[in-house]
Amino acid sequence: MSISSDRYSALIIEPKKEFLEWLEIFLNKNRSYAALEELYYKEENAVWLIPPIGSFSSDDDFDNFVNSQKSKLLRVELNRFGVAELFLNEKGDSCFDQYFDLVIRDTVNNIGELT
């Protein structure tokens with residue numbers, strides 16, 4: 001198996017209960033959509049590779065980087081469920097923290113490097 005040996009950290013996006021409740025209400029009102037159980041599987045939560053946390057000059061620089069990505073990450077997550085336009089019109093694009101959690105992993109390991 002060949003995987004790049006570059007080093008990364010990772011952001012894992014997890015929908016909060018508030019988003020899943022909003023989505024379920026939307027799906028129940030719009031029967032042409034699938035049920036929540038058919039659309040959301042925790043195993044499919046997005047994972048984004050980012051520069052290693054240690055490559056940022058300070059914690060503030062890292063926090064600024066993460067915060068600068070949130071509106072883009074929000075749009076990607078909403079598109080995943082097919083509700084971006086509706087949700088953004090209703091809630092705006094600065095509500096990432098209200099509806100999603102970010103789990104940060106300092107190191108992403110390459111299983112191909114195991115000996």
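Atoms considered below: every heavy atom in the structure, side chains included; atoms not considered: hydrogens, waters and symmetry mates.
Across every non-hydrogen atom of Ser68 and Lys72, the tightest pair is O-CE, 3.9 Å. The heavy-atom pair separating Asn79 from Ala84 by the smallest distance is OD1-CB, 3.1 Å. Considering every non-hydrogen atom in both Ile13 and Pro15, the closest pair reads O-CD, 4.0 Å.
Residues Tyr99 and Val103 are members of separate hydrophobic clusters, defined by side-chain heavy-atom contacts under 4.5 angstrom among Ile, Leu, Val, Met, Phe, Trp and Tyr. Residue Ile12 is not grouped with residue Phe62 when hydrophobic side chains (ILVMFWY) are merged at heavy-atom distances under 4.5 angstrom, including chains of intermediate members. When hydrophobic clusters are built by joining Ile, Leu, Val, Met, Phe, Trp and Tyr residues whose side-chain heavy atoms come closer than 4.5 Å, directly or via intermediates, Leu102 is grouped together with Phe65. Connection of Leu73 to Ile104 is established within a shared hydrophobic cluster, with ILVMFWY side chains joined at heavy-atom distances below 4.5 Å, either directly or through further cluster members.
When ring centroids are compared, Phe26 and Phe87 stay outside the 6.0 Å threshold. Aromatic ring centres of Phe19 and Phe81: separated by under 6.0 Å.
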Which donor-acceptor pairs under 3.5 Å do side chains of residues 47-59 form with protein atoms, sequence neighbours excluded?
unit_1	atom_1	unit_2	atom_2	d
Ser55	OG	Pro52	O	2.6
Ser57	OG	Asp61	OD2	2.1
Ser58	OG	Asp60	N	3.4
Ser58	OG	Asp61	N	3.1

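Checked for salt-bridge contact, Glu77 and Lys16 miss the test: no charged N lies under 4.0 Å from a carboxylate O. Comment: Asp93 does not engage Arg75 in a salt bridge, judged by the lack of any side-chain N to carboxylate O separation of less than 4.0 angstrom.
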Hey, mind stepping through Arg80 and Glu44 against side chain to side chain contact (heavy atoms under 4.5 Å, CB included) and telling me if it holds?
CA-CA 10 Å; Arg80 175 177 147 198; Glu44 294 180 357; 4.1 Å; yes
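Between Leu88 atom CG and Cys95 atom SG the span is 7.0 Å, to the nearest 0.5 Å. For the atom pair NZ (Lys17) and CG (Asp101), the distance works out to 13.5 Å, reported to the nearest 0.5 Å.
Within a 6.0 Å radius of CD in Glu85, other residues, nucleotides and ligands contribute 12 heavy atoms or fewer.
With side-chain heavy atoms closer than 4.5 Å counting as contact, directly or through intermediates, Ile25 stands alone and belongs to no larger hydrophobic cluster.
Under the 4.5 Å side-chain criterion, counting only non-hydrogen atoms from C-beta, Asn109 is not in contact with Leu114.
Residues that satisfy the salt bridge (charged side-chain N to carboxylate O under 4.0 Å, His left out) test with Lys42, not counting sequence neighbours, are absent from this structure.
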